[in-house]
Amino acid sequence: MTTKIQNIIVISTMLLIPFLILNCTSQKQEDEIYEVRVREALTNNKVSPLSDFVSEDIIYIPLDSKKECLLADNPRFYLNDLYIIAITARQIYLFDRNTGKFVRELGHFGRDPGGYQRTVRALPFYEGRNTFLASGWEQTNYFEYNTEGDIVKEYKNLFPYTSPGILNDSITASYILNFNGQMKDKLFLTNDNSDTIKTYPQYLHYEYDAVKRGVTISESWDGWFYYFDKKLNFYERETDTIFQVKEQSLIPRFVLKNGDYGIPYGRKYEEDYNREDYYFVDALFETNQFLFLQFSFEFDQYFGFYNKENKSLDLYAASRETENIPFEISFVNSKSEIIGYKNAFEILDWFAKNPDLTDKLPENIQKLKTIKETDNPVIMIAKLKE
C-alpha cells in the first residue's frame with residue numbers, strides 16, 4: 001500500500017514539474033527588464049537590409065487613387081485581417097488589404113454629428129478591438145469608431161492633445177503633457193463616469209519661463225501608448241523607460257540605454273538646443289520576439305529591431321536600402337506582419353535613378369513602373385522571419 005502511494009506521489013510530482021518550469025519561465029519573462037542598447041547600435045553605425053528581417057514573400061499593393069480617397073501628406077498605415085488602414089491628420093480610410101481598393105471613410109472631419117477635430121498621433125488604432133480614435137471638438141473628448149464608421153464610445157474629461165490608452169473596458173489611461181516643466185502628475189486613470197481613480201506622479205521637471213517664451217503644445221505626441229499581449233504599455237518621450245500600465249502600478253519593462261544620444265528631459269525647450277545632437281523616438285511597437293523602435297537621428301529615419309531573446313538591437317534605414325526599393329516601415333501588428341509604404345513619385349524616381357537594379361527585380365515590383373506620380377502610396381506587406 002505504501003509503495004502504491006509513493007508511486008502516485010512520484011508520478012504527480014513528475015507531472016507538476018513541467019508546469020512549474022513553464023510557469024516560472026513565463027513569470028521570469030514578464031518580470032524581466034530588458035536593456036536596449038541604443039547608443040551602442042548608433043555608434044556602430046551598422047544597418048541591415050529589410051530582407052534580413054522579413055520573409056521573401058513580400059506583397060506590394062498600389063492603393064486606389066480615386067479622387068475621393070486621395071491621402072493627405074504624412075500618412076500612417078496600419079493592418080488587420082481585412083483592411084489596410086490609412087490615417088492622416090483629418091482622414092481615416094480603409095482599403096482592402098488584398099486589392100488596395102478603397103472601402104470607406106471612418107468618421108469625418110467636421111463639427112457636425114459624427115465629426116472629429118483631428119486624429120490622434122500615438123494610438124489611433126486599437127488592434128485588439130478593431131476600433132479607431134479621434135479627438136472631439138471639446139478638446140478633452142475623444143471618439144472611438146468601429147470599422148463601419150459608427151461611434152461606439154465617447155471618452156470625456158481627458159487631457160487634450162494626447163492619445164488615451166484603453167486599460168480595460170471600464171478604465172482609460174491618459175497622459176498629462178508636462179508643457180511647463182512643473183506638472184505634478186504624469187498619468188491618470190479614469191472610469192466610465194470620468195472619475196479619476198488613480199494618478200501616477202511626474203518625477204521629472206525642468207525650468208521654463210512660460211511668461212517670457214509662451215506655452216507651445218505640440219499636436220504630435222509626448223506620451224506614447226501601445227499594446228502587447230493585450231496589455232497596455234506607456235513611454236514618455238525623452239525618457240529611458242517603457243512601462244506596463246496596471247491599475248495600481250507602473251511596471252518597468254524596457255530601459256533604453258541612450259548614453260549621450262538621449263536628450264536630457266526638457267532640453268528641447270532651451271534656446272541653444274541642437275536637434276542633431278540627439279535621437280528621438282517616433283513610435284514603439286512590440287511582438288513576442290521584438291520590441292520595435294522607430295526613431296530619427298541626424299536627419300535620418302531608423303527602424304530598430306530589438307530581439308528580446310538574444311538582447312540585440314539591429315537597425316534598418318530605408319535611406320540606405322541597397323537590395324530593393326526603400327520602403328518606410330509604418331506598423332507591425334500582433335501577427336508579426338509589417339506594413340510599409342512609399343510615395344508613388346518616390347518609387348518612380350527610384351526606378352529612374354537605378355536602371356541597373358530595375359531589371360533584376362521580381363515581376364511584381366516591375367509592375368510598379370506603371371503607377372502615376374500623383375497616385376496614393378504603394379503599400380508593402382511582409383511577414384517577420386521566425
Side-chain angles (χ1 to χ4, degrees), residues 27-43 121-123 159 162-167 172-179 181-189 198-206 218 220-269 277-297 302-315 332:
Q27 187 66 38
K28 179 181 182 298
Q29 290 175 345
E30 185 173 322
D31 294 344
E32 183 173 5
I33 301 176
Y34 299 94
E35 292 189 350
V36 185
R37 295 183 290 274
V38 178
R39 190 192 188 285
E40 180 180 314
L42 287 172
T43 301
R121 175 64 181 88
L123 188 56
F159 200 91
T162 65
S163 295
I166 299 173
L167 186 60
T172 304
S174 185
Y175 170 68
I176 303 173
L177 183 65
N178 195 8
F179 62 90
Q182 302 301 316
M183 301 299 286
K184 294 181 179 180
D185 295 313
K186 172 168 58 180
L187 289 177
F188 65 98
L189 306 184
K198 174 72 176 177
T199 60
Y200 294 101
Q202 174 62 270
Y203 295 110
L204 299 173
H205 300 97
Y206 58 89
S218 170
S220 55
W221 67 272
D222 273 42
W224 183 271
F225 291 102
Y226 75 88
Y227 293 99
F228 167 64
D229 194 25
K230 299 182 180 180
K231 298 171 184 175
L232 185 66
N233 293 269
F234 167 77
Y235 170 74
E236 184 180 16
R237 208 170 195 179
E238 294 149 24
T239 65
D240 61 5
T241 307
I242 300 168
F243 298 92
Q244 180 187 331
V245 182
K246 292 191 172 184
E247 289 188 39
Q248 296 300 325
S249 61
L250 296 178
I251 309 299
R253 298 190 59 240
F254 297 92
V255 175
L256 309 180
K257 308 299 285 186
N258 301 323
D260 52 1
Y261 290 161
I263 185 169
Y265 194 75
R267 179 68 192 278
K268 67 179 180 181
Y269 297 106
D277 294 337
Y278 309 105
Y279 93 106
F280 293 87
V281 176
D282 297 318
L284 292 163
F285 312 108
E286 188 179 351
T287 61
N288 288 331
Q289 187 178 2
F290 293 102
L291 171 73
F292 304 97
L293 292 90
Q294 191 177 61
F295 63 91
S296 57
F297 180 64
Y302 294 86
F303 202 87
F305 294 74
Y306 175 76
N307 190 310
K308 291 186 281 187
E309 183 176 349
N310 60 32
K311 313 295 193 297
S312 65
L313 176 63
D314 295 300
L315 303 180
V332 185

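Quick note: numbers below take in every heavy atom, side chains included, and nothing from hydrogens, waters or symmetry partners.
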Classify the ring geometry between Y265 and Y206 as parallel (under 30°), tilted (30 to 60°) or perpendicular (over 60°).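 Plane angle over 60°, so perpendicular.
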Mind checking whether F234 and F225 have parallel, tilted or perpendicular rings, split at 30° and 60°?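 Judged by the thresholds at 30° and 60°, the geometry between F234 and F225 is tilted.
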Check [X] against [Y] and note the closest heavy-atom contact, atom names and distance.
| X | Y | value |
| --- | --- | --- |
| Q202 | E236 | NE2-OE2, 3.0 Å |
| V245 | L167 | O-CD1, 3.2 Å |
| L232 | A173 | CD2-CB, 3.9 Å |
| R267 | I263 | CB-CG1, 3.5 Å |
| G223 | A122 | O-CB, 3.8 Å |
| P164 | T172 | CB-CG2, 3.8 Å |

Report the distance from atom [atom1] of [X] to atom [atom2] of [Y], rounding to the nearest 0.5 Å.
| X | Y | atom1 | atom2 | value |
| --- | --- | --- | --- | --- |
| S312 | Y306 | OG | OH | 8.0 Å |
| N233 | L291 | CG | CG | 9.0 Å |
| I251 | I33 | CD1 | CD1 | 9.0 Å |
| L187 | T199 | CG | OG1 | 9.5 Å |
| Q244 | K231 | CD | NZ | 5.5 Å |
| L293 | F303 | CG | CZ | 8.5 Å |

Yes or no on side chain to side chain contact (heavy atoms under 4.5 Å, CB included) for N178 and D222, after CA distance, side-chain angles and deciding distance? CA-CA 9 Å; N178 195 8; D222 273 42; over 6 Å; no
Counting C-beta onward and ignoring hydrogens, is there a side-chain heavy-atom pair between [X] and [Y] closer than 4.5 Å?
| X | Y | answer |
| --- | --- | --- |
| P264 | Y278 | yes |
| Y200 | F188 | no |
| T241 | L256 | no |
| Q294 | D282 | yes |
| V38 | L313 | yes |
| N288 | F228 | yes |

Atom NZ of K311 with >12 non-hydrogen neighbours under 6.0 angstrom: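 More than 12 within 6.0 Å, yes.
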Is the NZ atom of K198 crowded by more than 12 outside heavy atoms at less than 6.0 Å?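 Buried by this count: over 12 neighbours within 6.0 Å.
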Y279, F295, F280 screened by ring pair (Phe, Tyr, Trp, His ring centres under 6.0 Å) with Y302, the one that passes: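 Testing Y302 for a ring pair (Phe, Tyr, Trp, His ring centres under 6.0 Å) against Y279, F295, F280 leaves exactly one candidate, F295.
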Decide side chain to side chain contact (heavy atoms under 4.5 Å, CB included) for F290 and N307; before the verdict, give the C-alpha distance in whole Å, the side-chain angles of both, and the deciding distance to 0.1 Å. CA-CA 5 Å; F290 293 102; N307 190 310; 4.0 Å; yes
Y175 ring center near F159 ring center (under 6.0 Å):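 No, the ring centres sit 6.0 Å or more apart.
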Would a distance-only check, ignoring hydrogens and angles, find a side-chain to backbone donor-acceptor pair under 3.5 Å from Y226 to Y235?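 Between the backbone of Y235 and the side chain of Y226 there is no qualifying donor-acceptor contact (under 3.5 Å).
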Let's go through I242 and V36 carefully: what are the C-alpha distance in whole Å and the side-chain angles of both, what is the deciding distance for side chain to side chain contact (heavy atoms under 4.5 Å, CB included) to 0.1 Å, and is it a yes or a no? CA-CA 11 Å; I242 300 168; V36 185; over 6 Å; no
Are E286 and K308 within salt-bridge range, i.e. N to O under 4.0 Å?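 The answer is yes: the pair qualifies as a salt bridge.
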Would D260 and D277 satisfy side chain to side chain contact (heavy atoms under 4.5 Å, CB included), going step by step from the backbone distance to the final call? CA-CA 8 Å; D260 52 1; D277 294 337; over 6 Å; no
